[in-house]
Amino acid sequence: MPASDYDSACLPDILPLYYRRLFPFSQYYRWLNYGGVQKNYFQNREFSFTLKDDIYVRYQSFTTQNELEKEMQKMNPYKIDIGAIYSHRPNQHNTVKSGTFQALEKELVFDIDMTDYDDVRSCCSAAEICPKCWTLMTIAIRVLDRALRDDFGFQHLLWVYSGRRGVHCWVCDEAARKLSVAARSAVAEYLSLVKGGDETMKKVVLSDPIHPFIRESLVVVERYFPLYALQDQDILGRKESVDKVLALTPEDILFRTCSRANSSIAQANSSPQFISLKSNLQQDFQNEKKPENRWNLLKDQAKRKQATSKKGQHFEKEIMLQYCYPRLDVNVSKGVNHLLKSPFSVHPKTGRISVPIDLKELETFDPFAVPTISMICEELDRPRTVEEEDKSEETIDKENEKDAAESRKIRDYKRTSLAKYVKCFDQFLDVMARSWKGELLRKSDLQKDF
Amino acid sequence: MQFSSRTKKFTTNSQTELYSHPLLFYVQPPLENISLVEFETFAVERLKLLKTIENLGVSYVKLSDQYIKKLEAESKALNFLYRPEADDRKPLSGPTEQEKRRKDHISHFILRLAYCQTEDLRRWFIQQEVDLFRYRFNDLYPKQKLEFLHRNNLQYDTISVEEKKALQDKLVSSSYAFSGITVEDQDFYKVPFQDALDLVRLRKVYLKAGYVYIPHQEIVTIVLNDFRTRLSKALALTARSLPAVHSDERLQPLLNHLSHAYVGQDYSNQKNVGKISLEQIDSLSGKSFPLCMRQIHQSLRENHHLRHGGRMQYGLFLKGIGLSLEQALQFWRSEFIKGKVDADKFDKAYAYSIRHMFGKEGKRTDYTPYSCMKVILSNAPSQGDYHGCPFRHSDPELLKQKLQVYKVSPSGIIQILELIKGMHYQLACQKYFELTHNVEEASFSLNHPNQYFIESQKVLAGGRDIKRETDAPQKPQENSTKAPSAAPEAAANTQDVAEMTEELDSFFQDA
């Protein structure tokens, strides 16, 4: 289905339509209410809205799903962010004694942004993305999803496309929501391997022994490395890219590669030896143009160095990680009160909806195929097909108690490309709901004791 | 008023459940009646035990064989638990295991009352209790350790041998501290990752399904930290309820005396005032001053100046060895005048602070000379300072050179540097003492620069084994009268307390 042309100027007209007929309020409420296990969980949740003309309002909160709907339909926010669950209703925070209004809980979140990889991708930069570099997001999701589940034991992870150039992860387990700032920061540090800004050349340094977490992550990275780095990004193809990779290679490796040829030159003067030796590896690369083979040459050197157990022996792993390993912003994950873009909100610049990502179809996920708000609104206006009419009549007969308008609205999103993403969200909620049921039972049992 | 006939009003409660395990986290306070005699005895005996722990901690590496042996002996002598019994056999003589545990429980809570009031007291109390706990926890059988963890809601379980074997590679590769042998030898515990954040953050441990796998020795660290945090919070709470306790006249004098006792010797007495002449100081600095003071004195002579930190540390030390106020003024003045300070400026600026040191200005506090702990822990020197503890604050290379200049033997220097590496600064100074005085083993545990001076003078005078009571200064009576208004009534009617506190004093003089 071709994406409709989206123009941000049309937002004021189509946002009302989106919020009245498409936004999946009941699923949204089902999520944030968390089964009603904890009192006032939904009521004490902070939302923030960015309205037309960049007006930003914080500390929005709602008592029911209905109130949430009415308010959003009234305000038609351009952007929606979700914050923490506070000790009091956020919209009454000014009436609370200062110091007592506190953020108590929130999902553990991660934000992976493509701009953080600008130093290692050659196809795009800044806000642009393309299928070639999108693989970085795929790798990030695979690595982090595995670690959060296997290492930390979390089970309820919601991965969401941010709408432009990245992905978010919402870890919704109860234990995750209750984590302290220190714990969140520890988790984020555990998951961080790429360190350093513009001034740092070598951003990944590994030392013995290699932690099981790193090993597992490497397994994932190695799966994608040949196709992504060697082929799509061509890191061992063009000269500038090759130089960058060689800059991450330890100098004594280059020395050893060519020791017999240049030992006399080496003795003569110290620094030119490196230039001549690096250029020796470059000479090797002259003879070997295929990136895969060039990589194999590097790997062979790495193997040899590992046998000697000297410093810098894991350089080939370090190179792979520097080019592929997920880069996360620790500050986003640390704060309990940090506000993050809500799933199903619209990205004003691209028009795309922040949709959940189905991990079962991760390899085929195409960010450019994610529906825009224009697209789904247009789909709404399409005349109903005969099958759709029949189906809708059947269901109206079955659901006689429900308000006809209500049921029509429920089925509205189903007529659009948004449907499969809401379904994915539903499945995520179904799994979580099982744990809520258990919790509710436990709580009522406890109350019986007294 | 006889104490033994009065009892405190607590509600009774069953004890057997509480005391079925040798070790306590001291969460629940005792809820029973005890006699005032028991109250006093328990408190004093625990204090003796904690003092022993403090001294042993200075002289020996914690949990070394000697440390354990001596602590065991002391615990036994004071009728505290010293060996966890596998069963509750009735001993041939003395109190039962139950009785010992009860005493441990009660005495801990009594001392909380005495030691919660100031930051210094709390810090000292927590430190000794943590050390005591570490020693006892170390002594438990593995099963008892697990039981302890569970009773206190530390849901840490050991993993089975099979599981350990299955995870061996992962365990070994998760920390450079582990080899296959270490993994085999030690018990590994499963701990929720939220309780081991520092290990998780640095990826120093194996993490699976939300649990980290920690070897036994690291578990102790976690448990100790937990103990320390709990106790710290509890003391803060206790401090708040102190006014209610202090309103009980029977307890107030005792609690005050207990909290003063920890200070021990403070060398602030004026008994030997005037015994030192200014001309002796130079030679004394080489012979009997500890390294810190020797260093300060030398820099004072060289620079004709000393900054505030050095003036305080050295000035109070000099007061402690017997300099009078007049002598001190003369000493500092003559030195500073040789430098950039003229007589007028000295009288205006520096004389005041010297008089202040002797308690003749301002709020007239008679400042006490700094103990080693104080020198080591507070007010670290920066560029241009010469105070502090050289074993703690000097760069090892520079220290080595200095020791060579002071003619310490190369092997002695090596020993000293080793002790420094292990952070045993006072032991290093003690070793310095032994080497410079040519004695095999110092007969004291060094914890105060003035103590160093006194001991040194003793050795040089040729009488190493002179009974200490004759030389050690009297316990300053000023301290007892510092007790607030209740003191007069207390003094009037506590024959028992007076006797007991005398006994306490003499005990601490030996320390």
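Chain naming here is simple, since letters A, B, ... match the order of the sequence lines and numbering starts at 1 in each.
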Specify whether A:Phe152 and A:Phe154 have parallel, tilted or perpendicular ring planes, treating 30° as the upper limit for parallel and 60° as the lower limit for perpendicular. parallel
Structural part of B:Phe193 lying under 4.5 Å from a heavy atom of chain A: side chain
Give, as side chain, backbone, both or neither, the part of A:Asp150 having an atom under 4.5 angstrom from any heavy atom of chain B. backbone
Could you work out, with ring-ring contact (aromatic ring centres under 6.0 Å, His included) as the rule, every residue matching A:Tyr224, not counting sequence neighbours? none
Are a donor atom and an acceptor atom from the side chains of A:Tyr41 and A:Arg177 found within less than 3.5 Å of each other? yes
Could you look at A:Ser192 and say if it's the side chain, the backbone, both or neither that has a heavy atom under 4.5 Å from chain B? backbone
Non-hydrogen atoms of chain B under 4.5 Å away: do they reach the side chain of A:Ile214, the backbone, both or neither? side chain
Most chain B-contacting option - heavy-atom pairs closer than 4.5 Å, from A:Ala182, A:Ala175, A:Pro212: A:Pro212
Stepwise, does the side chain to side chain donor-acceptor pair (under 3.5 Å) test hold for A:Arg215 with A:His211? CA-CA 6 Å; A:Arg215 285 204 189 276; A:His211 192 275; over 6 Å; no
Is the shortest distance from a Lys or Arg side-chain nitrogen in A:Lys178 or A:Glu174 to a carboxylate oxygen in the other one below 4.0 Å? yes
I'd like to verify something: which residue of A:Gly153, A:Ala188, A:Ala147 has the highest number of heavy-atom pairs under 4.5 Å with chain B? A:Gly153
